[in-house]
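For reference, the structure discussed in these notes is given below.
What you see below is based on every heavy atom in this structure, not just the backbone, and it leaves out hydrogens, waters and symmetry mates. What you are looking at is a predicted structure, and each value in this text was computed from that prediction instead of being measured. Convention: sequence-line order gives letters A, B, ...; per-chain numbering from 1.
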Amino acid sequence: ELKVEQNPLFLSMQEGKNYTIYCNYSTTSDRLYWYRQDPGKSLESLFVLLSNGAVKQEGRLMASLDTKARLSTLHITAAVHDLSATYFCAVDGGGADGLTFGKGTHLIIQP
Amino acid sequence: DVKVTQSSRYLVKRTGEKVFLECVQDMDHENMFWYRQDPGLGLRLIYFSYDVKMKEKGDIPEGYSVSREKKERFSLILESASTNQTSMYLCASRIDTGELFFGEGSRLTVL
């Protein structure tokens with residue numbers, strides 16, 4: 001059974017700081033996805049990582065995938081308040097049952 | 001752009017009532033999914049469908065059923081709503097890269 005673990009689950013940080021969210025998964029996969037969720041809203045796709053070594057960047061967010069280590073990271077550079085949200089990673093286990101999600105990282109960025 | 005539309009954003013129902021949650025996607029995708037999201041538990045897969053009239057149980061199907069009579073429409077049915085089914089329900093459609101696109105969500109309260 002595929003398991004996906006994110007850490008930390010809760011993160012409070014100050015604007016201007018850098019930080020990394022980690023996503024570990026338990027079985028072989030080379031497809032990993034990052035989503036953002038704002039309070040009361042649905043999930044919005046951020047990054048799609050489809051191979052070992054894949055790196056994607058959008059603004060202050062950068063995601064990478066190491067399939068050998070079964071690890072993805074979401075790096076935040078010089079955080080700003082607008083990035084406050086819950087971030088989920090999700091892994092494709094290869095079956096028809098879609099993605100397996102981590103529990104999410106609740107990120108608060110304080111001015 | 002992929003559009004996934006959920007018919008009701010907010011519903012309040014009484015225990016024992018039958019509840020229909022409808023989801024429509026406009027991109028001719030074969031795979032559709034229903035998740036529920038609860039604080040501290042993340043997203044849990046209820047049912048999914050990979051074709052018209054085809055359905056498969058996810059991780060927590062008890063108390064739910066689904067219907068897929070047309071490719072674009074995937075409905076979640078609570079035959080007799082209970083208070084422990086109070087939750088946020090998220091419908092998603094899947095594209096070729098494996099990425100899921102989510103609807104806006106339906107927040108159900110069962111009294």
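Taken together through direct or relayed side-chain contacts under 4.5 Å among Ile, Leu, Val, Met, Phe, Trp and Tyr, A:Val4 and B:Ile46 form parts of separate hydrophobic clusters. Note: the hydrophobic cluster containing B:Phe74 also contains B:Ile60 (ILVMFWY, side chain heavy atoms under 4.5 Å, direct or indirect links). B:Ile95 and B:Met27 end up in the same hydrophobic cluster when Ile, Leu, Val, Met, Phe, Trp and Tyr side chains are linked at under 4.5 Å. There is no path of hydrophobic side-chain contacts, each under 4.5 Å, that joins B:Tyr64 to B:Phe48. A:Tyr35 is not connected to A:Leu2 by any chain of hydrophobic side-chain contacts under 4.5 Å among Ile, Leu, Val, Met, Phe, Trp and Tyr, and they are in different clusters.
Heavy atoms from other residues, nucleotides or ligands lying under 6.0 Å from CD of A:Glu15 number more than 12. Within 6.0 Å of atom CD in A:Gln57, more than 12 heavy atoms from other residues, nucleotides or ligands are found, so the atom counts as buried in its surroundings. Shown here is B:Lys55, whose NZ atom has no more than 12 heavy atoms of other residues, nucleotides or ligands within 6.0 Å. Shown here is A:Met62, whose CE atom has no more than 12 heavy atoms of other residues, nucleotides or ligands within 6.0 Å. Taking a 6.0 Å sphere around CG of B:Asp96, one finds it holds 12 or fewer heavy atoms contributed by other residues, nucleotides or ligands.
Rounding to the nearest 0.5 Å places NZ of B:Lys57 at 15.0 Å from CG of A:Asp97. Once rounded to the nearest 0.5 Å, the distance linking CZ of B:Arg9 with NZ of A:Lys41 reads 7.0 Å.
If you measure heavy-atom distances from B:Glu99 to chain A, the contacts under 4.5 Å come from both the backbone and the side chain. Of the two parts of B:Arg44, neither the backbone nor the side chain holds a non-hydrogen atom closer than 4.5 Å to a non-hydrogen atom of chain A. When heavy atoms are compared at a cutoff of 4.5 Å, B:Gln37 approaches chain A solely by way of its side chain, counted from C-beta outward. Using a 4.5 Å cut-off between heavy atoms, A:Glu1 does not touch chain B at all. Interface residue A:Leu50: only side-chain heavy atoms are found under 4.5 Å from chain B. For chain A, no part of B:Tyr47 is nearby; none of its heavy atoms comes within less than 4.5 Å.
Each of B:Gly42, B:Ser49, B:Gly98 has some count of heavy-atom pairs under 4.5 Å with chain A, and the biggest count is that of B:Gly98. Contact count versus chain A (heavy atoms, under 4.5 Å) is highest, among B:Ala92, B:Gly105, B:Gly103, for B:Gly103.
Inspection of non-hydrogen atoms places A:Phe101, A:Lys103 of residues 101-111 of chain A under 4.5 Å from chain B. The contact list for residues 69-93 of chain A toward chain B, using heavy atoms and a distance under 4.5 Å, reads A:Phe88, A:Asp92 by residue number.
With A:Leu99 as reference, B:Leu100 is the one residue of B:Leu100, B:Leu45, B:Leu43 to meet the side chain to side chain contact (heavy atoms under 4.5 Å, CB included) rule.
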